[in-house]
Amino acid sequence: MSVMQNNSEKAKWYLPGILGGMGITMKHLVKNLLNRKKMMTLNYPEEKYEYSPRFKGNHVLTVKKDGSLRCTACMLCATNCPAECIKITAAEHNDPHVEKYPISYEIDILRCVFCGYCEEACPVDAIRLGPEWQTPAVNGGNFIYDINHLAYRPNLKGGIQTHVDDEERNKSGI
Amino acid sequence: MKVTINGKEIEVKEGTSIIEAMQQSGDRIAHYCWHPGLSVAGVCRLCMVEIEGNPRVQIACNTMCTEGMKVNNTSEKVRDAVKWGLDFHLINHPLDCPICDQAGECGLQDQYMEYGKYDPEMAEAKVKKHKVVDLGPTVVLDSERCILCSRCVRFTEEVSKTNELGIFNRGDRSEIGTHEGVELNNKYSMNTVDICPVGALTSKDFRFRQRVWYLKDAETVCNGCSTGCSVKTYYNKEGFFRVKPVYNEQVNGYWMCDEGRDLYKFVNKDARILKATVRVNGVQTEMTAGAAAKAANEVLKSASADSLALVLTAQYTVEEFDAIVSTFVNEFKSKKIYFWINNKENFDSFDGLLLRGDKNPNTKGLLKVLEKHGITATWNDLSSGLSSGAVKTVVVAGPENQVVFPDFADRVREISKAQNVIWMQAGKNEALSGLTGNVWIIPTKSYVEKDGTFINHAGLEQKFKKVTTVVSEALTLTEAALLLAGKNLVMPTPTPFMPTNQRSDQVTLEARKKNEFVFRRGSL
């Protein structure tokens, strides 16, 4: 690396630039002091920014109307996941209309890159990326999300429903 | 006879159907109901071809080749026929691919990707049929997915000759099912799962355990009985999941039995001995297999040739038998080598298709090796030697497939009369804890973890290659024979980071350069 020196005439006129910058700063200072409600900053963590509902945050497993999991354990999300952070174990369901369901669905959230491929791969709208985005924890925290967390964590209020139920789908012959 | 297929001229035999000629020429053609091992049914109507001079498209499976015939299956007319035929197949087919076990190896899926009519024109609702129908102990039917190709029905008629299955009802209400009071329960029932071109018949054993695209496959020889069917094993890093037959004209044709399909179970890690156990003078220690074999060498070295015996089961490869028998004959000068026969009385039984009473894959191979070394000892010699105390040290190469050794516990009890027992085996067994005296239990590799040769009942030598490693520490009998004789294993010299075609004067690095960042990373 070499050091460049600008020895031109123009370079000596630095004061107007600095004063201009200071002027903008002072303008915001005065504006914020007089009208605190219109301030652009947030007092995190007391105040939190709400992203749009399309924001790709933490995963949610959707549920059917009866509250059971929508996922059929087809493994398409796990196959499509570039970070290989999804692990599913499938099992046979007692109900012949359901047939197959996951007995464990785990996402290693530390590996996840929130690319949303799982959401796109899912043929039954069982996994979505929700609006939650701040889930910090220290080393001892649980960074492997299981079914219980993904589908039934408290702020989902009993689970997020999908549009079409299995039974409706069956009846209308889809 | 000369036939032109898609512009290529090929030579076929008299009486060849067009579909067979296409397989011969390597052209792709869709077919669900046609199976080379079954009769021709001609019900799926998907192997459509256009024959020059014939105004209509024909099915290739039931049309015989004639001299100078010009056939193609790439024209617009054929594509259109296949497209509509496929649409017809899919009218009542459920959108089950996420649940279906066949997803990933389904003919209907593949065909739809190629010829799919992506905008269906059916206004009618689908006909719903039965979903999870329990056909028998091994197979589950989903009649919605079934495309009525009748392969399974023809299989039970023509191959297993048990006639359990049939097609019932008419039109779009037709369904596969079993006759009243009968269940699909024969020794070859899982072949119906293999030949089902869609996921209508699924195996209870494999059901939902893995998606097929997570599995790797490799060919090997089944070690379930002396037939020695060619099979493909499917596995990944979690273990083995299923076994399927591979076409072998000389041995098994297209089929294999249900017993053979269970044989991946004793290979998996949870059924295996992982570490060697050594108990000398009441002190039990765990060590690696190689170390245990070396420790056992101390005893074998000091034992006299008369007090030394070797017991072999016919479940190892010819190469292994040769190695261990020649070690005994040449190094230890002992010819007390005994063949542990599990159930002699039904060795010759045969069910007419594949299953043989001799449940060892390599009885012929063992007999051949014993004969080569001039060994004539019988089990009675061993029994009397053990009771009189003349035989003090016994080396045993135990069975891999322990299910077919009903006398296992009795033989363990008999052999434990000896002072020193060196027991080499792949699978765990409770009875082995009953061994008294000084015991070396050494894990060996199973049949999918080594190269070798099995000689089947007809004397056919079948070579097979290693599939994968399950227990890396385990020894093959060849390695064990070397270690027991006090020699060292000859390892192939590894040249991991060098191309094989390197210059003779090329400088080689001492060791691989380490990535400092990875190796010196602190806690986060």
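The pair Arg145(B)-Glu99(A) counts as a salt bridge, with a side-chain nitrogen and a carboxylate oxygen less than 4.0 angstrom apart. A salt bridge links Arg28(B) with Glu114(B); the closest basic N to acidic carboxylate O contact falls under 4.0 Å.
Phe240(B) pairs with exactly one of Tyr234(B), Tyr264(B), Tyr235(B) by the ring-ring contact (aromatic ring centres under 6.0 Å, His included) rule, that one being Tyr235(B). Each of Lys126(B), Lys129(B), Lys131(B) was checked for a salt bridge (Lys or Arg N to Asp or Glu O under 4.0 Å) with Glu144(B), and the lone residue meeting it is Lys131(B). Partner of Asp194(B) under the salt bridge (Lys or Arg N to Asp or Glu O under 4.0 Å) criterion, chosen from Arg151(B), Lys232(B), Arg261(B): Arg261(B).
For residues 102-113 of chain A, a heavy-atom distance under 4.5 Å to chain B picks out no residue at all.
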Donor-acceptor pairs under 3.5 Å, side chain of residues 20-43 of chain A to any protein atom, not counting sequence neighbours: which ones?
from     : atom 1 : to       : atom 2 : distance (Å)
Thr25(A) : OG1    : Gly21(A) : O      : 3.1
Asn43(A) : ND2    : Glu47(A) : OE2    : 3.2

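In this structure, Arg242(B) is positioned above the aromatic face of Phe206(B), its NZ or CZ under 6.0 Å from the six-membered ring centre and within 45° of the axis.
Heavy atoms of Thr89(A) lying under 4.5 Å from chain B are absent altogether. Of the two parts of Ala78(A), the backbone and the side chain both hold a non-hydrogen atom closer than 4.5 Å to a non-hydrogen atom of chain B.
In terms of non-hydrogen atom pairs under 4.5 Å with chain A, the most contact-rich of Ala103(B), Cys97(B), Pro98(B), Pro94(B) is Pro98(B).
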